[in-house]
Amino acid sequence: MLTRIDHIGIACFDLDRTVEFYRATYGFEVFHSEVNEEQGVREAMLKINDTSDGGASYLQLLEPTREDSTVAKWLAKNGEGVHHIAFGTADVDAESAGIKEKGVRVLYEEPRRGSMGSRITFLHPKDCHGVLTELVTSAPVESSEH
Ligand code: V0V
Ligand code: CO
């Protein structure tokens, strides 16, 4: 079961300036930030609200760390904006297997490491009416580093 919007991923050219926009305009603070070398992003998670499944919903601001990353490629084509949405689930393996059976391309054979120690996979945007869709299982609370 998919039980929350885990995050909305927003691609930007300058993470620090974009973080400052969200702070100054809305009062959202950075909850967590990290570099994910595998994904080629520097990211900031801004927590918006807790959710009834024990998780939370975030904005995920993403700046590319290298020219050949998926986000750099997307920014060059589209400019800044909403890059993906992510649904939260207790079991990303089962969810992605079930969705794959429905004929939607799941991009990873096995879930990979996402923000705050989560396990993530992606669904191809061309199979999802133009929306790059991510599935997320958060790390257990005791092992996530904030
Ligand atoms: C590409 N397309 C998109 C899109 N990216 N459509 C909607 N939203 C996006 N974000 C469209 C694009 O316009 C093309 O359509 C078509 O898909 C093929 O795109 P492409 O530019 O040729 O790029 P590809 O095929 O090399 O790569 C596209 C995919 C790639 C989706 C396969 O971006 C990918 O593997 N994404 C998953 C990983 C990722 O995005 N990581 C960054 C976030 P036309 O022009 O042919 O019609 S990392 C993250 O979220 C983390 C760490 C986390 O949450 O914890
Ligand atoms: Co994401």
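Note that ligands are numbered from 1 as they come in the structure, with each ligand's atoms numbered from 1 the same way. Hydrogens, waters and symmetry mates are skipped; everything else that's a heavy atom, side chains included, is used.
Applying the side chain to side chain contact (heavy atoms under 4.5 Å, CB included) test between His84 and each of Thr133, Leu62, Ile8, Val131 identifies Leu62 as the sole match.
For Arg4 against Ser138, the heavy-atom pair with the smallest separation is NH2-OG, 3.0 Å. For the pair Leu123 and Leu132, the tightest heavy-atom approach, listed with the atom from each and the gap, is O-CD1, 3.4 Å.
Counting backbone and side-chain atoms alike, His7 contributes an N/O/S atom closer than 2.8 Å to the Co ion (ligand 2). Not one N, O or S atom of Ser115 sits under 2.8 Å from the Co ion (ligand 2).
Counted by atom type alone, Asp53 and Thr51 present one or more donor-acceptor pairs between their side chains at under 3.5 Å. Side-chain contact, His32 with Glu43: no donor N or O sits under 3.5 Å from an acceptor N or O.
By the 4.5 Å heavy-atom criterion applied to side chains, Met116 and Phe31 are counted as neighbours.
With hydrophobic clusters built from ILVMFWY side chains whose heavy atoms lie under 4.5 angstrom apart, Tyr58 does not share a cluster with Phe122.
Within 4.0 Å of ligand 1, contacts by protein heavy atoms are made from His7, Asn36, Gln39, Glu43, Gln60, Thr70, Val71, Lys73, Trp74, Lys77, His83, His84, Leu107, Tyr108, Gly114, Ser115, Ile120, Phe122, Pro125, Lys126, Gly130, Leu132, Glu134.
With the Co ion (ligand 2) as the vertex, NE2 of His84 and OE1 of Glu134 span 80° to the nearest 10°.
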